[in-house]
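To find a chain, count down the sequence lines: A is the first, B the second, and so on, and within it residues start at 1.
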Amino acid sequence: MSEKTITRFAPSPTGYLHIGGARTALFNWLYAKHTGGKFLLRIEDTDQARSTEGAILAILDGLRWLGLEWDGEPIYQLARSERHREIAERLLAEGKAYRCYASPEELVAMRERARAEGRAPGYDGTWRDRDPSEAPSAVTPAIRFKAPREGETIIEDRVQGHVTFANKDLDDLVILRSDGSPTYNLSVVVDDHDMGITHVIRGDDHLTNAARQTQIYKALGWLTPAFAHVPLIHGPDGAKLSKRHGALGVEAYREMGYLPVALRNYLVRLGWSHGDAEIISTKEMIEWFDLDAIGRSPARFDFVKLENLNGHYLRSMSDREIVSQLKSLVPHLPDGAALGARIGEDGWSKLEQAMPGLKERAKTLVELLHNAEFLFVSRPVELDTQARKLLDETGKKILTQLMPRIESVEPWESAALETCVRQFAKETDIKLGKAAQPLRAALTGKTTSPGIFEVLEVLGRDESLARIKDHTNATKSA
RNA sequence: GCCCCCUUCGUCUAGUGGUCAGGACGUCAGGUUUUCAACCUGAAAACAGGGGUUCGAUCCCCCUAGGGGGCACCA
C-alpha cells in the first residue's frame, strides 16, 4: 500500500490567517513535501453568517506570502453541501441516524437539567428510539447521528498517542440541521474522505472532534485518516493567544517587517525539533520534518526569538534581495505612500548602497527602514536630543577644523575618508570618536547609524559637506 | 460540572533506567569598537510536588497541584 500522502489545511474564513493557523498550514505543507505528497486547501465556509470574502482573500494571501503554495484549486465546502446532505440521508436510510424533533427551547432545558444533575450537557437521545408517529407535525426535524452508546472510541494519534474516549460521553450530534444544511463534523468527514486525505494535521482543539468523526467514518464504512493533533500556541503569559499577543493575522507580521523565511523557521521550532538544530533552511525542514518529532506540550509565542531569527536572515540576505523585499513591503505599511514618496527613485539605489551597514543593525525590515531615514531626509537635517548634545561648542569646533580636510579628500570613498579623519584625530590628539560622533550627528541627526565613513560615501560629497556646513555655520553666527 | 491532553533553565527545546541534564533566544560579565548593532569569550539559570517500582529514577506507574482544550441545529 504505497498511496501518496495527501494533507490539507482547512481554515474557516471568519477572520485573518492567525499565527496558529499558519503553523498548522506549515506543518501540513511540510509533511506533504517531505513525503512527496500533496497539500490541499479547503475553505470551510459553511458558517454563512460569519464567513466573509475578505477573510478568504486574507487567508490565501497570507499563505502565499508565507510561501505555502497549495496543490490544485481550493475546495469550498459550502459548494459541497449537496454531497453532505446525500451522506446524511444515507445514514438515515441505513438506520445510523434519526430525525430529532426537539425544539431549541427543549434543548436548552435539557442541558440545564443535565447540568443540575451533574451529567454531561449533551443531547439525551430522546428521539433516538421514539416512534416517529409521535413527531409533532409542525416541526421540521434535524438529523442526528446515532452514536454508539457502549464501548469506547480510540484515536491512535501521531502526536497525542493512544487516546480513549468512553462512548457514553459522546452524544448524538446533529449532522443535518432542520434547514437542511450539513454541520461541521459531517462535512469534514465527507470532504476529507472525498479528497483522499491521508493525514489530518490540526490543532488539538479538534481532538474530541476526532473521536466523533471516527464514529462517523465507522458508520459509513470508511477508513479513517491518520490524525496528528498539534498543541496550540499560547501567548507570552501562557494564556490563550489573544490579539494582544500574537494572534494577529500573518499580514500583521508582514507589516512588522518580518521575513517569511524567518517566520517559517520560528514557527517550525514551536512544537517541533530536530536535535539541536535552530537555524533551519526550508530545504532542511522538508527533509527533516516528521510527525513523530512534534511535541505534546503547548508553546508560548516569543517575539524576541522571532526577532533574533529575523535579524539573522536579514544579515544573510543579499543587498539587492532586501531592497526588493522592501519595495514590496512599503505599499503595505500604514504610512507607506508617504514613505514611498520620500524614498523616491533615487532612494532605492542609495538604500542598496547603504545596505551592508544597515542590515547589520536591523532586526526587522521596518527597523531597517527607520534606520535608513537619514538617507531620505532633506536639509537641514533635524537633530534629535542626543545629537544636539554632541554638537555643542566642542563638537562644532572639531567639525569646523575637520571640514577643510574632508573637503580635499579624493576620491570620495569610505577608505580614503577614514584615513583622513583618523589622521586628523591623531594630529589634533583626540580620540577618533570625538570627531566621529559630531560628524554622525551632523550627517544623520542621530547618535547611532551605520559606520560613519560609509555614511559619508553613500550620502556623497556634496550632500555630506552641505550637511556638515549646516551645523558648523551655526557656530560662526552664534 | 464532565471528558481529553500537557508539565526539563525566564522562553523554545534535546535527552537517557546510571549524563558535569545539552543547545538556542534572552539575561549578566568581559573582549572588540567611531555610535549602535554584529561578532568572540565566560557566567548564572531547569527535570512542578508527593508517593511507589528499582541497586539506582528527569526517564516507568499512581496521586496532587498547575496549565490548556473540548462539551452547539459554530467551525
Side-chain angles (χ1 to χ4, degrees), chain A residues 10-14 44-47 49-51 77 100 102-104 107-108 111 114-123 141-144 155 157 159-161 163-166 168-171 173-179 181-185 187-188 203-209 211 229 231-232 234 236 238-240 266 269-279 293 295-302 304-309 311-312 315 357-363 371 386 390 418 421-422 425 431-437 439-441 444 446-453:
Chain A
S12 58
T14 54
E44 309 212 320
D45 54 354
T46 51
D47 184 350
R50 294 194 301 155
S51 297
Q77 193 161 60
C100 171
S103 68
L107 293 175
V108 171
R111 258 175 239 126
R115 192 188 181 78
E117 292 168 18
R119 291 180 290 113
Y123 180 69
I143 294 179
R144 279 186 192 271
I155 311 292
D157 196 274
V159 173
Q160 305 289 342
V163 185
T164 307
F165 291 88
K168 66 174 171 55
D169 295 325
L170 270 13
D171 67 348
L173 59 273
V174 169
I175 52 177
L176 203 63
R177 298 187 185 91
S178 46
D179 67 1
S181 63
T183 61
Y184 172 74
N185 278 300
S187 302
V188 167
D204 74 1
D205 49 337
H206 285 288
L207 196 56
T208 321
N209 285 331
H229 289 90
L232 302 178
H234 292 169
K240 194 176 179 180
Y266 177 71
R269 283 285 294 108
L270 228 46
W272 175 83
S273 59
H274 181 79
D276 282 344
E278 294 288 347
I279 302 291
R296 303 127 306 260
S297 56
R300 299 185 187 200
F301 194 88
D302 181 10
V304 180
K305 189 154 183 178
L306 208 210
E307 279 200 347
N308 172 273
L309 238 21
H312 169 86
R315 267 173 269 134
L358 287 169
K359 70 183 179 188
E360 281 292 312
R361 279 157 250 262
K363 295 208 187 309
N371 293 343
Q386 298 291 327
L390 280 175
E418 177 162 1
V421 178
R422 280 191 187 277
K431 283 191 166 181
L432 183 56
K434 285 288 175 196
Q437 279 305 83
L439 205 45
R440 188 183 319 276
T444 69
K446 296 175 187 165
T447 53
T448 67
S449 81
I452 198 60
F453 306 111

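You won't find any donor-acceptor pair under 3.5 Å spanning the side chain of A/Thr183 and the base of B/C73, going by distance alone. The base of B/A75 has none of its N or O atoms less than 3.5 Å from a complementary donor or acceptor on the side chain of A/Asp45.
Here B/U53 sits opposite no nucleotide as a Watson-Crick or G-U wobble pair (both hydrogen-bonding atom distances under 3.5 Å). B/A37 is unpaired under the criterion used here, namely a Watson-Crick or G-U wobble arrangement in which both key atom distances are under 3.5 Å. A 3.5 Å limit on both hydrogen-bonding distances identifies B/C25 as the Watson-Crick or G-U partner of B/G10. Checking B/A75 for Watson-Crick or G-U wobble geometry (two distances, each under 3.5 Å) identifies no partner in any strand. Base-pair partner of B/G17: not found among the strands shown (Watson-Crick or G-U wobble, both distances under 3.5 Å). Across the strands present, B/C2 finds its partner in B/G70; the criterion is a Watson-Crick or G-U wobble pair with both atom distances under 3.5 angstrom. A 3.5 Å limit on both hydrogen-bonding distances identifies no Watson-Crick or G-U partner for B/U32. In this structure, B/C59 makes no Watson-Crick or G-U wobble pair, since no nucleotide meets both defining distances under 3.5 angstrom.
Atom pair A/Leu232:CG and B/G67:P shows a separation of 16 Å (rounding to whole Å applied). Protein atom CG of A/Asp171 is 17 Å distant from nucleotide atom P of B/C2, rounded to whole Å. The distance between atom CD1 of A/Ile279 and atom C1' of B/U13, rounded to the nearest whole Å, is 14 Å. The CD-P distance, from A/Gln160 to B/G68, rounds to 16 Å in whole Å. Summarising the geometry, the separation between CG on A/Leu170 and P on B/C3 is reported as 13 Å, rounded to the nearest angstrom. Rounded to whole Å, atom P of B/C3 lies 20 Å from atom NE2 of A/His229. The OH-C1' distance, from A/Tyr266 to B/U13, rounds to 11 Å in whole Å. Here the C1' atom of nucleotide B/A75 and the CG atom of A/Leu173 are 13 Å apart, to the nearest Å.
In this structure a side-chain-to-backbone donor-acceptor pair under 3.5 Å is present from A/Arg440 to A/Pro450. Using modelled atom types, one side-chain atom of A/Thr183 and one backbone atom of A/Val174 make a donor-acceptor pair closer than 3.5 Å. Between the side chain of A/Tyr266 and the main chain of A/Asp302, a donor-acceptor pair closer than 3.5 Å is present. A side-chain donor-acceptor contact under 3.5 Å links A/Thr444 to the backbone of A/Lys446. Between the side chain of A/Gln77 and the main chain of A/Thr46, no donor-acceptor pair closer than 3.5 Å is present. A donor-acceptor contact shorter than 3.5 Å is absent between the side chain of A/Asp45 and the backbone of A/Ser51.
Between B/G70 and B/U54, the two C1' atoms lie 38 Å apart (nearest whole Å). Only the P atoms considered, B/C60 is 12 Å distant from B/G18, to the nearest whole Å. B/C63 and B/C3 have their P atoms separated by 13 Å, given to the nearest Å. Separating the P atom of B/G10 from that of B/G69 is a span of 23 Å, rounded to the nearest Å. Here the separation of B/G23 from B/G49, taken at their C1' atoms, is 28 Å to the nearest Å. Nucleotides B/C5 and B/U64 are separated by 15 Å at their P atoms, to the nearest Å. Comparing the P positions of B/G15 and B/U8 gives an interatomic distance of 14 Å, to the nearest angstrom. B/A48 and B/U33: their P atoms are spaced 45 Å apart (whole Å).
In this structure, A/Val188 and A/Glu44 have side chains that are in contact, with non-hydrogen atoms separated by less than 4.5 Å. Residues A/Tyr184 and A/Ser12 fail the side-chain proximity criterion, which asks for heavy atoms closer than 4.5 Å. Counting only heavy atoms from C-beta outward, the side chains of A/Val159 and A/Asp204 never approach each other to under 4.5 Å.
The side chain of A/His234 has B/G68 as its nearest neighbour among B/A75, B/G68, B/C6. Listed candidates were B/C6, B/C2, B/C4. Nearest to the side chain of A/Arg296 is B/C6.
Here the NZ atom belonging to A/Lys363 is positioned 11.0 Å from the CG atom belonging to A/Leu309, to the nearest 0.5 angstrom.
Phosphate proximity of B/C3 to A/Thr208: absent, as no side-chain N or O sits under 4.0 Å from OP1 or OP2.
Residue contacts for A/Phe165: at a heavy-atom cut-off of 4.0 Å it reaches the sugar-phosphate backbone alone, with no base atom in range. Among the atoms of the strands shown, base atoms are found under 4.0 Å from some heavy atom of A/Ser178. In this structure, A/Thr164 reaches the sugar-phosphate backbone alone: every heavy-atom distance under 4.0 Å involves primed, P, OP1 or OP2 atoms, never a base. Heavy atoms of A/Ala299 sit under 4.0 angstrom from primed sugar atoms or phosphate atoms, though from no base atom. Looking at heavy-atom distances under 4.0 Å, A/Pro231 makes no contact with the nucleic acid at all. Among the protein residues, A/Asn209 comes within range of the nucleic acid bases, having at least one heavy atom under 4.0 Å from a base atom. Within 4.0 Å (heavy atoms only), A/Ala49 reaches no atom of the nucleic acid at all. Counting any heavy atom pair closer than 4.0 Å across all strands shown, A/His206 reaches a base atom. Among the heavy atoms of the strands lying under 4.0 Å from A/Thr46 are primed sugar atoms or P, OP1, OP2 only; no base atom is included.
Summary of the strand contacts: A/Asp205 and A/Trp272 both lie near RNA chain B, and taking for each the nucleotide with the nearest heavy atom, the more 5' one is attributed to A/Trp272.
Taking all atoms of both residues into account, the shortest heavy-atom contact from A/Asn371 to A/Leu358 is O-CD2, 3.8 Å.
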Query raised in the report: How does each nucleotide of nucleotides 22-43 of chain B score, in 5' to 3' order, for protein heavy atoms under 4.0 Å: base (B), sugar-phosphate only (S), or none (-)?
Result: BBBSS-------BBBBSS----

